[in-house]
Amino acid sequence: MERTSTGVPNEKMLMWAFIGSECMLFGSLIATYLAYRGRSIVGPYEEELLNIPFITVTTFVLLMSSLMMVLALSAVQRGDPRGSKLFLLLTALLGLVFLAGQVFEFNHFAHEGLGLGRNLFSGTFFLTTGFHGAHVTVGVIWLLTLWAMAMRGRLGPEKSLKVEVAGLYWHFVDVVWIVLFTVIYLMSGASGA
Amino acid sequence: MASEMAHGAEAGGLETAMTHGSHEEPHASSRTYIAIALVLGVLTALEVMVFYVEALSPVLVPILLVLSTAKFVLVVGFFMHLKYDTHILRGLFFGPLAIAVAIIVAMMALYGYFL
Amino acid sequence: MATAEAAAHSEGKAGGTYAGGLWSWITTVDHKRIGILYFLSGLFFFLVGGLEAMLIRLQLAVPENTVLSAEVFNQLFTMHGLTMVLFAVMPMAAGAFNYIVPLQIGARDVAFPRLNAFSYWLFLCGALLLNSSFFFGGAPSAGWFAYANLTSSQFSPGHGMDFYVLGLALAGAASIVAALNFIVTIINLRAPGLTFMRLPLFTWMTLVVSFLIILAFPPFTIGTIFLLFDRMFGTLFFEPSGGGDPVLWQHLFWIFGHPEVYILILPAFGIVSDVIPTFSRKPLFGYPVVVYSGILIAFLGFGVWAHHMFSVGLGPIANSAFSGLTMLIAIPTGVKMFNWIATMWGGSIRFRAPMLFSIGLVAMFTIGGLSGVMHASAPADLQQTDTYFVVAHLHYVLFGGTIFGLFAGIYYWFPKVTGRLLGERLATAHFWLLLIGMNLTFFPMHFAGLHGMPRRTFTYPAGLGFEGYNLASTVGAGITLLAMLLFLLNFVRSLRSEATAGANPWEASTLEWATSSPPPVHNFDVTPEVTSRDPLWYDGIALPAGEEEFHMPNPSYWPLVVAGGILMAAAGALVGLPVALLGAAVALAGIYGWSFEPIH
C-alpha cells in the first residue's frame, strides 16, 4: 500500500502539477495568438481560411473521445477487460480521427497559399494548433500502449491508476481544445468587428 | 486502489500516519458521464449557432466565453473529477490557471485590446 | 511520463551501503548522490562563469583595452550571464534541494527517484550542449536576454543562437521535471506530524521555487521555439518586416526572467532562514510571516515583468501599473529582513562561517534591494537602464544575496554531507575577502553607471571619468578570485580531514540533523514523528529506535538513455534530420524501457 501525506497518489499529483505547468505553456501560445490577431500584412487571412463546420465535426470527435476515456477508466476500475479494451481503443481511434482532420486542415491551408512563414496568422496558427496536435499524438501513443497492455491481460483493476493518470492528461488536452476552438475559430468572427 | 506497480512513493514504507485512502472519491456513474457528454455536445452546437446568428454578433464574445467556460468546468469537474478530489489538486490546477489567464489578459491589454 | 514512473524496488537493508565505482554513480537514483552531482556540476560551472567574468574585467580594466575583441567580449558576457544563472546557481541550489529536502521532511527519497536522475542528466546535457558552442563556430553573443531581432538569422548568423535555443530548452525542461518532482515530494512525503506550518523554511522555499519554475519556464520555452522557427523555418514572430513585434520576445522573456530572479534568490532566503535561528539559538522570529512573504514575493513576481522594459515605450499606464506592483514587492522582502534581524535580536549568536555568510546576505541584499526600488520608478529607471548602475544592482542581489546564501548553505551542510567540518579559519578569511572583493567590484559600478557608462560595451574611451571605477572593479574581481581559491583549498583540505563532525555539529533543530553524517542510504532507520517546528530542540527526539520495513529504488540507466536521446534529437536540429530522428527513437525506446523496468 502506498502511503502519502495527503492520501493522493504521487503519480496523480505529478500529473496535476504538470497540467498546471501546461496551462502556462498554452497560455503563452494563446496570448501570442491574440496579440498578433489581425496583424498579418499579407493574405490569406484567417477569415478566408477557417472552416467552422469542418472543425466543429473534429471538435465533436475529440469531445466524444473524452467520454470514451472516462468509460475506459470505469471499465478498468471495475475489472471489465472487454470494456477496458474497447473503450481504450475507441479513445485512441477518435484521437487519431481528430489528428487526421488536423493534417487535412493543415494541408488545405498550405494548398491555399498559407505556408508556415507566410504571415503572422500562419505562424501563430500552426504553432498553437500544432502544439496541441503534438500533445494529442503523445496521448494517442500512450493510450495505444495501455490498450496493448489490456490486450495482453496486464491491465487489471490494480493498475487503474495508470489509466486514471493517462485520462487526466487526455481530458486536459481536450480542455485545451475547448479553449482553442472558441478563441481561434469562433472568435475569428469578432476580430473584424 | 494503489497497486504494486504504482508504488510512486519509492520511499515506500514511509509510515505516514495521515489519511491513506480517506477520500476514495465517489464515482459518477456511466450514465452521468454520458449525460455530461450530451450537454457538452449541445453547448458546442450552441456556440456554433451563436457564431452564425448575425443579430448576436455584438455579444458574440461574451456568449462564447460563458459557453466555453461551462464546457471547461464540466470536463475538469466531472471527467477529471476535480469536483470530488482534494483541495490540494484544485489548488495545483486553478492557481496556475489563474496566473495564465491573468497573463493573457495583461498581454491583451498591452496589445491594445481594451482601448 | 507519469506511467513511466512504474517503480522498481529492491529490498532495502537497514544500514545498507552504497555500491562503489563509476557505474554506480551513472545509474544512481539516490537523492543524496544526485544532489552531490548537481552541486559539483554547479560548482564547476560557477568556476567557468567566474573565469568568464575575470576575462571581462581584464578587458575593462583600462580604457581602449585590447585583451578581447568585441565579438569575443559579447560572447563572454552572454555566456557569463547564462552560465551563472542557469548552470551555476540553479544547479547548486538544486543540489541542496536534492540532498537536504528529503532529509528535512523525514523521507527516504524523493517521490520519483528515476525522474530525479533524469532531471540531472538532462540538465547536464543542456549545459554541455550550450557550452560546446565555443568549439563550433562561437557562442551566442546577444546577451542572456537575447533580445529580438538581434537574434534573427540576419543579425546573428552562425549557430550561436541555435545553441542558445536548444541548450536552454533542455535545461528548462530539466528544471521543470525536477520542480514537479519536488512539488510532489514536499506535499506528499512529509513525515507524520510534519504539517505545512512546521516545515523548515528551506523546504518551504524549495516548494515555492518549484512552483515558480514550473510556471515561469513554459513562456520562455514558447519564446525560444518561436525564435527557432523564425531562424530555421522563416516564420515572422519577431520579424518587423512581416508585421512581427520584437517586443513580444521581451514580454515572453521577462515573464520568465523576472520570476527567474526569485528562483535564484528564494533558495538563499530559505538557507538563511534555517541558519540564523541555529546560530542565534532562537526559533525563527515570525515563522508564518516569513513563509507568507516568500509566497507573496513569488506570486507578485509574475506581475512585474515589464519593469525590465520601461524604456521600450509601453506607455504611461502600463509603466505606472508595473512600477506600482514592483514597489509592492519591496514590502514582503523588507519584512523578511526584519524577521532575520529580530531572530538575531537577543539571541546568543555564534559567528561561525554559515552565520557570517547569512549576515553578509542580509547586509548586501539590502543594498541591492534599495537600488532595486530606485529603478522600480520608471522615470528614474530611464536614467539607469542599460548602464552599469543596473549591473551593480543585479550583482548585489545575485552575488551579495544568492551567492552569499549558497555559501552559508555550503558551510552549514558540508558536515552533513561529508561528516567533516570545513576549516573555520580559512572560512573566515574566505568570508572577509569575498565581502571586500565583491564590494570593491560592484560598488564603483553604481557611480560608473550614473556617470553614463553603458553595459555590454567591450571598451570605453579615456577621459570620461570611468577609469578609476573600472580599475577598482577589476582589482575587486581579483580579490574575489583569491577568496574563491581559499574556499577551494579549504574544500579539498577538509575532505581529507577526519570525519569527526557527528550528527548535529551545529546543534540545529531540523530533521536532517537527526540522522548520522553522512546519512545512510535510506536516511532514517525509522521514520521520525514530528510534533513541533523545531523537533530537535523541543521534541527532544532523536530518532526512534527500532526496525522498519522499507524498499529502496533500484539503480537504473534508463534516465541517462532518455536524456541522451533527447540531447541527440536536439543536436540533430543542427546536424541533420536523421540524427534528430535517431535521437527521438532512442528517447522513446528509453521511455518504454523505463516504464516496463521490472519490479523486484
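Chain letters run A, B, ... following the sequence lines, proteins first and then strands; every chain starts at 1.
- The residue among A:Ser28, A:Ala35, A:Gly156 with the most heavy atom pairs within less than 4.5 Å of chain B is A:Ala35.
- For B:Leu67, no part lies under 4.5 angstrom from a heavy atom of chain A.
- Residue B:Phe94: no heavy atom, backbone or side chain, is found under 4.5 Å from chain A.
- Among the candidates B:Val50, B:Val101, B:Val48, the residue making the largest number of heavy-atom pairs closer than 4.5 Å to chain A is B:Val48.
- Of the listed residues (A:Ile52, A:Leu63, A:Thr56), the greatest number of heavy-atom pairs within a distance under 4.5 Å of chain B belongs to A:Ile52.
- Taking the side chain as every heavy atom from C-beta outward, A:Val138 and A:Tyr169 approach each other to under 4.5 Å.
- For a residue to count as touching a neighbouring chain, one of its non-hydrogen atoms must lie under 4.5 Å from one of that chain's; by this rule B:Ile88 touches chain A with the side chain only.
- Note: A:Phe98 and A:Trp177 have perpendicular aromatic rings, judged against thresholds of 30 and 60 degrees for the angle between ring planes.
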From CA spacing to verdict: ring-ring contact (aromatic ring centres under 6.0 Å, His included), A:Phe106, A:Phe126:
CA-CA 8 Å; A:Phe106 280 21; A:Phe126 284 125; 4.9 Å; yes

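- Contact of B:Met80 with chain A is made through backbone and side chain together, with heavy-atom distances under 4.5 Å.
- In this structure, A:Phe104 places its CZ atom where only 12 or fewer heavy-atom neighbours from other residues, nucleotides or ligands lie under 6.0 Å away.
- Ring pair A:Phe18/A:Phe172: centre-to-centre distance not below 6.0 Å.
- Neither the backbone nor the side chain of A:Met69 comes within contact range of chain B; no heavy atoms are under 4.5 Å apart.
- Neither the backbone nor the side chain of A:Val176 comes within less than 4.5 Å of any heavy atom of chain B.
- Under the 6.0 Å cut-off for aromatic ring centres, A:Phe26 and A:His135 qualify, their centroids lying closer than that.
- Sparse packing is recorded around CZ of A:Phe60, with 12 or fewer heavy atoms of other residues, nucleotides or ligands lying under 6.0 Å away.
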